[in-house]
Student: 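Got a structure here, written out as structure tokens. Questions coming.
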Amino acid sequence: MQQSQHLVIIGNGIAGVTLAQHVRQKSNCRITLVSEESATHFSRPALMYVYMGHMRYKDILPYPVWYWQKHNLQQVHGRVTKVDFEKKELELQNGESIEYDTLVLATGSCPAFYNWPGQNLKGVQGLVTLQDLQSMEENTKEVSEAVIVGGGLIGVEMAEMLLSRGIAVTILVRDMHYWYNVLPKQEAILVANNIRRHGINLLFGEELRSINPDAEGRVQSITTQSGKQLRCQFVGLATGVIPNVAFLRNSGLETDRGILVNEFFETSQPEVYAIGDCAQFRHPAPDAPAVEQLWYTGRQHGEALAQTLTGNRQKYNRGPWFNSAKFLDMEYQTYGFVPATWDTSYDSLYWEHSDGAKAIRLLYEQESGLLIGVNLLGIRYRHDLCHHWLQQQYTIHQVMQELPAVNFDPEFFQRYEQELYTQYAQRFPNQATPASKTNWWDLRNHFNLFSSSDSC
């Protein structure tokens, strides 16, 4: 982009800020970030720790005030009410307008509610935005019992937050296993047992029918579809998120669930792009989601689009799928493709520790041995090496040769991961013996994986 041009980004989350930073490295154009949610960028994954008292709000601001001034990144705290694509102009709620040469929509997500009776009562909310955190502070005062609806990552985060305040928590999960559409059954049971160990009541096979008010219009109980009534003074709705695009529905921009884009993040309007949670690929890659609502994919979107906007037109290529999270004190990592179920063309090596807090799964094709994906619970592997295995299309046999190099804790490998080798030898008796445990140091040196920045 030329110095005289104006790049306007709606949204100051990880996608929008990453884009602004990478464009600034190559261009002196004018850059403005507009956000209704907050005056400046903050670390969204750290919101829960503010509620729990581990951090202050100022501690989750990655960049000081001078950073934005030094890099000439203008921040506008305001709500965009209309986008005029013909005039190339934004209208703000306060009556001001902003003209642009190039517009990038990075508006993120908002909670998905499903018109339950009572969902607008006081004490009922989701958890996505800074405002949701502020509402949760207010809504959980003098609360002793809470119900979380939905068993995903946001639901378990809300449960952990509430536990930190001594609030009893029940989670409603409509399936018969935790996160059943994502985790294989063995991992799902492991996670559920860990949640219960922390004193959380998990109700499987239960869905919300209604949220019931007291005389003052605050939630006092919920009723499930099976007729159970649970007393509570707070309800967390954690039934997923949807792209935040409602204000664009009748603007002339093509939308579906999200804003429709091609592999360059181009929308149906000229000089208008969309990235992050709000973007929906018209033609996603095989086995890839059309909407990528993860922190790390938002960062990748920003990096890829910055290349295009600064003269190096570049298709987006996410690479192997990756995600990481925590179920209370249990870390979770997944690489590649590990579905909840699979047919007989796939098989896996699966190991679970007797303490019920650690597990490893390596999924591969039966015929070719090609590694398809990796699931880890309670264990952290080196990100770069897992990515390398999938990117270079390693077989399970090649992976087993390099397995000692991937674990952060070599002592852990020596004590436990030998069980994976035992499984492997039983399943593939004609294969060469995997690398001995004594040469794990040489393998780690080979991949140069000592920096903590390699982990996720």
Side-chain angles (χ1 to χ4, degrees), residues 182-184 187 190 285 287-288 292 294-297 299-300 303 317-326 330-339 342 346-353 357-365 368-425 427-428 431-456:
V182 176
L183 293 175
E187 286 96 311
L190 203 71
D287 297 321
E292 298 181 339
L294 299 176
W295 183 92
Y296 93 94
T297 52
R299 183 181 62 186
Q300 286 185 315
E303 291 170 349
N317 178 20
R318 187 196 67 222
W321 181 258
F322 167 73
N323 194 14
S324 66
K326 285 188 73 175
M330 179 182 283
E331 291 194 42
Y332 164 68
Q333 287 181 308
T334 186
Y335 297 87
F337 178 63
V338 185
W342 52 84
Y346 298 98
D347 204 349
S348 72
L349 297 177
Y350 179 78
W351 169 84
E352 184 177 306
H353 193 276
K358 303 177 188 70
I360 302 168
R361 186 183 298 277
L362 304 174
L363 184 70
Y364 59 90
E365 288 183 352
S368 67
L370 182 69
L371 181 71
I372 300 300
V374 179
N375 268 359
L376 304 165
L377 287 169
I379 296 167
R380 183 180 293 188
Y381 272 5
R382 293 187 174 272
H383 178 90
D384 280 8
L385 187 47
C386 290
H387 184 89
H388 174 79
W389 289 344
L390 293 163
Q391 192 82 9
Q392 299 302 315
Q393 298 187 313
Y394 267 41
T395 65
I396 188 66
H397 315 301
Q398 293 170 299
V399 168
M400 295 305 289
Q401 292 287 340
E402 297 181 1
L403 196 63
V406 77
N407 204 303
F408 270 81
D409 183 356
E411 189 175 333
F412 174 87
F413 164 76
Q414 292 174 354
R415 293 187 355 241
Y416 302 123
E417 256 168 316
Q418 181 62 34
E419 296 185 27
L420 277 177
Y421 278 160
T422 301
Q423 281 190 44
Y424 175 77
R427 199 165 299 179
F428 302 100
Q431 289 292 327
T433 303
S436 68
K437 291 179 286 185
T438 57
N439 72 351
W440 64 268
W441 186 266
D442 292 335
L443 283 166
R444 289 158 76 94
N445 274 325
H446 175 70
F447 288 100
N448 192 25
L449 292 169
F450 289 97
S451 169
S452 62
S453 64
D454 293 335
S455 67
C456 291

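All of these numbers come straight from a predicted model, not from anything done at the bench.
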Student: Let me confirm one number: the OH-CG distance from Tyr394 to Leu385, rounded to the nearest 0.5 Å.
Tutor: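 So the OH of Tyr394 and the CG of Leu385 are separated by 7.0 Å.
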Student: Do any N or O atoms from the side chain of Gln431 and from the backbone of His397 form a donor-acceptor pair under 3.5 angstrom?
Tutor: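 Looks like no, no N/O pair under 3.5 Å.
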Student: Might you point out which heavy atoms bring Gln333 and Ser324 nearest each other, and give the distance in Å?
Tutor: CG-CB, 4.2 Å
Student: Measuring from atom CG of Leu420 to atom CD1 of Ile360, what distance do you get when rounded to the nearest 0.5 angstrom?
Tutor: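 With rounding to 0.5 Å, CG (Leu420) is 5.0 Å from CD1 (Ile360).
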Student: Can you measure from CH2 (Trp351) to OH (Tyr421) and round to the nearest 0.5 angstrom?
Tutor: 14.0 Å
Student: Please report the interatomic distance CG(Leu294) to CG(Asn323), rounded to the nearest 0.5 Å.
Tutor: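 One finds 4.5 Å between CG of Leu294 and CG of Asn323.
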Student: Does the side chain of Met400 reach to within under 4.5 Å of the side chain of Leu349, using non-hydrogen atoms?
Tutor: yes
Student: So do Tyr424 and Leu403 actually touch side chain to side chain, heavy atoms under 4.5 Å?
Tutor: no
Student: Holding to ring pair (Phe, Tyr, Trp, His ring centres under 6.0 Å), I want the full list of residues that pass it with Phe337, two or more places apart in sequence or in another chain.
Tutor: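 Listed in chain order: nothing, the list is empty.
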Student: Write down the atom of Asn407, the atom of Arg380, and the distance for their closest heavy-atom approach.
Tutor: OD1-O, 4.1 Å
Student: Using 30° and 60° as the class limits, which term best fits the ring planes of His387 and His383: parallel, tilted or perpendicular?
Tutor: parallel
Student: Indicate yes or no: at least one non-hydrogen side-chain atom of Phe428 is less than 4.5 angstrom from one of Ile396.
Tutor: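 Yes - at least one pair of side-chain heavy atoms lies under 4.5 Å apart.
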Student: List the residues meeting side-chain hydrogen bond (donor to acceptor under 3.5 Å, both in side chains) with Arg361, not counting sequence neighbours, and say none if there are none.
Tutor: Gln186, Glu187, Ser348
Student: Gln401 side chain to Gln398 main-chain N or O, any donor-acceptor pair under 3.5 Å?
Tutor: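 Looks like no, no N/O pair under 3.5 Å.
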Student: Sequence neighbours excluded, which residues qualify as side-chain hydrogen bond (donor to acceptor under 3.5 Å, both in side chains) partners of Glu303?
Tutor: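 Once residues adjacent in sequence are excluded, Glu303 has no partner under the side-chain hydrogen bond (donor to acceptor under 3.5 Å, both in side chains) criterion.
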Student: Write down the atom of Pro339, the atom of Pro184, and the distance for their closest heavy-atom approach.
Tutor: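 Smallest interatomic distance, heavy atoms only, reads O-CG, 3.5 Å.
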Student: If every non-hydrogen atom of Leu363 is compared with every non-hydrogen atom of Val338, which pair is closest and at what distance?
Tutor: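 Between these two residues, the closest heavy atoms are CD2-CA, 4.1 Å.
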Student: Looking at every heavy atom in both Tyr350 and Ala359, which two are closest together, and how far apart are they?
Tutor: OH-CB, 3.6 Å
Student: Determine, stepwise, if the pair Asp347 / Arg427 fulfils side chain to side chain contact (heavy atoms under 4.5 Å, CB included).
Tutor: CA-CA 11 Å; Asp347 204 349; Arg427 199 165 299 179; 3.5 Å; yes
Student: Can you list the residues that meet the side-chain hydrogen bond (donor to acceptor under 3.5 Å, both in side chains) rule with Tyr346, with sequence neighbours excluded?
Tutor: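 Not a single residue meets the side-chain hydrogen bond (donor to acceptor under 3.5 Å, both in side chains) criterion with Tyr346.
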Student: Could you go through Val406 and Trp389, starting from their C-alpha distance and side-chain angles, then the distance that decides it, and tell me whether this counts as side chain to side chain contact (heavy atoms under 4.5 Å, CB included)?
Tutor: CA-CA 10 Å; Val406 77; Trp389 289 344; 3.8 Å; yes
Student: Would you please name every residue forming a side chain to side chain contact (heavy atoms under 4.5 Å, CB included) with Ala285, sequence neighbours left out?
Tutor: Ala288
Student: Minimum heavy-atom separation for Tyr332 to Val182, with atom names?
Tutor: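 The answer is OH-CG1, 4.2 Å.
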Student: Roughly how far, to the nearest 0.5 Å, is NZ of Lys358 from CG of Leu377?
Tutor: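 Interatomic distance, Leu377 CG to Lys358 NZ, rounded to 0.5 Å: 11.5 Å.
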Student: Quick one: side chain to side chain contact (heavy atoms under 4.5 Å, CB included) partners of Ala425, sequence neighbours excluded?
Tutor: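 With neighbours one apart ignored, the set is empty.
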Student: If the condition is side chain to side chain contact (heavy atoms under 4.5 Å, CB included), which residues does Gln393 pass it with, not counting sequence neighbours?
Tutor: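 In terms of side chain to side chain contact (heavy atoms under 4.5 Å, CB included), with neighbours along the sequence ignored, Gln393 is linked to Leu370.
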Student: Taking only residues two or more places apart in sequence or in another chain, which ones pass side chain to side chain contact (heavy atoms under 4.5 Å, CB included) with Leu390?
Tutor: Pro320, Tyr335, Leu371
Student: Looking at residues at least two apart in the chain, or sitting in another chain, which of them share a ring pair (Phe, Tyr, Trp, His ring centres under 6.0 Å) with Tyr296?
Tutor: Phe322
Student: Within this structure, what is the OG1-CG distance for the pair Thr334 and Leu183, rounded to the nearest 0.5 Å?
Tutor: 8.5 Å
Student: Return the set of residues passing side-chain hydrogen bond (donor to acceptor under 3.5 Å, both in side chains) with Ser368 (not counting sequence neighbours), or none when no residue passes.
Tutor: Glu365
